[in-house]
Amino acid sequence: MQLGLVGLGKMGFNMRERVRRAGHEVIGYDRNPEVSDSESLADMVSKLEAPRVVWVMVPAGEITRDTVKELSELLAPGDLVVDGGNSKFTDDRIHADLLAEKEIGYLDCGVSGGVWGLDNGYALMVGGDAKHVEQAQPIFDALRPEGPREEGFAHAGKVGAGHYSKMVHNGIEYGLMQAYAEGFELLDKTDVVDNVPAVITAWQRGTVVRSWLLDLLVRALESDPELDDLRGYVEDSGEGRWTVEEGINNAVPLPVISAALFARFQSRQEDSPAMRAVAALRNQFGGHSVHLAGPSSGAGSTQA
């Protein structure tokens with residue numbers, strides 16, 4: 001079948017190649033003419049035969065909203081739009097209703113696989129009507145990993161369910177990464193363990209903490225055993241925040257995911273005001289020593 005693919009960045013570029021390898025025709029559009037197959041969204045749509053399926057793979061938020069709106073004016077009844085970006089699930093109902101006015105279908109699809117998806121496949125979580133899922137199923141099958149469909153693809157539920165599932169997936173990812181990171185720091189800090197990369201590498205087989213994330217940590221340590229080439233500054237792309245918000249909204253305790261999110265916030269502070277306040281309080285009530293600000297500063301002379 002044919003697929004129109006909007007957005008040929010780090011994910012979209014590889015997704016186009018994987019779908020093509022499965023024997024489908026992909027006509028992509030990107031603002032970068034060096035990777036685009038068409039000159040504009042309108043040009044891309046004109047090259048597709050009805051009923052059209054257009055996959056949107058652009059940054060979440062305003063860019064996605066503008067793209068869906070433009071497609072609503074270019075597509076025709078019976079066509080289908082799939083949002084495969086990391087949109088917030090609350091946007092999906094808005095997009096679905098906008099397209100439904102023109103009798104255009106809509107699916108939201110959480111996609112996991114990163115830059116490795118070209119060869120390994122992508123885990124897909126889809127929200128929307130079953131008839132629309134069936135319409136796009138050949139594309140989902142091309143993108144998902146080899147093996148049983150249910151181990152790499154899920155029709156998660158109604159519109160919004162795909163992005164909601166991906167949001168929770170990414171929240172779990174925050175917690176897993178933070179646990180590995182804290183374990184690495186403790187191993188690196190102690191004088192008991194001499195070869196930290198060897199220990200973490202040994203966890204890859206036979207242990208209950210083995211995972212693809214662990215494999216990626218081992219890969220990073222192979223090129224930089226102390227991770228000294230990196231700053232400990234970590235952004236968050238939104239899903240972790242949304243997951244914590246949903247935990248609050250549904251009265252579901254998420255202590256691990258919340259702590260992992262707040263750790264990312266802390267990583268962006270060169271000198272945390274909160275921790276300065278903690279140091280000041282410890283000094284005030286217990287006379288504990290403090291480290292004074294300044295290039296030649298040392299610990300304060302007061303002792304507990």
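Note that the structure is a prediction, hence the values are computed from the model and not measured.
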To the nearest 0.5 Å, what is the distance between CG on D129 and CD on Q135? 11.0 Å
Please indicate whether E270 has more than 12 foreign heavy atoms, meaning atoms of other residues, nucleotides or ligands, lying under 6.0 Å from its CD. no
Between CG of L221 and CG of L216, what distance do you get to the nearest 0.5 Å? 11.0 Å
Quick one: do D108 and K88 make a salt bridge, cutoff under 4.0 Å? no
In terms of side-chain geometry, is the basic nitrogen of R20 or D37 positioned less than 4.0 Å from the acidic oxygen of its partner? yes
Do Y174 and I248 share a hydrophobic cluster (ILVMFWY, side-chain heavy atoms under 4.5 Å, transitive)? yes
Check against side-chain contact (heavy atoms from CB on, under 4.5 Å), I200 and F184: CA-CA 8 Å; I200 294 177; F184 166 78; 3.9 Å; yes
Residues, nucleotides or ligands: over 12 heavy atoms within 6.0 Å of Q204 CD: yes
What distance separates E235 CD from F265 CZ, expressed to the nearest 0.5 Å? 10.0 Å
According to a 4.5 Å side-chain heavy-atom criterion applied to Ile, Leu, Val, Met, Phe, Trp and Tyr, with indirect links allowed, do M125 and L176 form part of one hydrophobic cluster? no
Please report the interatomic distance CZ(R264) to OG(S237), rounded to the nearest 0.5 Å. 7.5 Å
Is the NZ or CZ atom of R16 both under 6.0 Å from the centre of the six-membered ring of F13 and within 45° of that ring's axis? yes
How many angstroms lie between CZ in R65 and CG in D91, if you round to the nearest 0.5 Å? 5.0 Å
As an exercise, state the distance from NZ of K47 to OG of S38, rounded to the nearest 0.5 Å. 5.5 Å
Identify whether the distance between the nearest side-chain nitrogen and carboxylate oxygen of R241 and E245 falls below 4.0 Å. no
Test item: P138 and D141 side chains (from C-beta on) under 4.5 Å apart, heavy atoms: no
Do L98 and W55 land in one hydrophobic cluster if side-chain heavy atoms of ILVMFWY residues count as linked below 4.5 Å? no
Please check if atom CD in Q269 has more than 12 non-hydrogen atoms from other residues, nucleotides or ligands closer than 6.0 Å. yes
Hey, are R219 and D215 close enough for a salt bridge, meaning a charged N less than 4.0 Å from a carboxylate O? no
Please determine whether residues L75 and V82 belong to a single hydrophobic cluster, defined as Ile, Leu, Val, Met, Phe, Trp and Tyr linked transitively by side-chain heavy-atom distances below 4.5 Å. no
If you count the non-hydrogen atoms of other residues, nucleotides and ligands that lie under 6.0 Å from CD in E17, is the total more than 12? yes
Under 4.5 Å between side-chain heavy atoms, hopping through other hydrophobics if needed: is there a path connecting V54 to L99? yes
If you count every heavy atom of other residues, nucleotides or ligands that lies below 6.0 Å from W212 atom CH2, does the total exceed 12? yes
Within a reach of under 6.0 Å around CD of E73, are more than 12 heavy atoms found that belong to other residues, nucleotides or ligands? yes
Which heavy-atom pair separates D30 from L8 by the least distance, and what is that distance? OD2-N, 2.7 Å
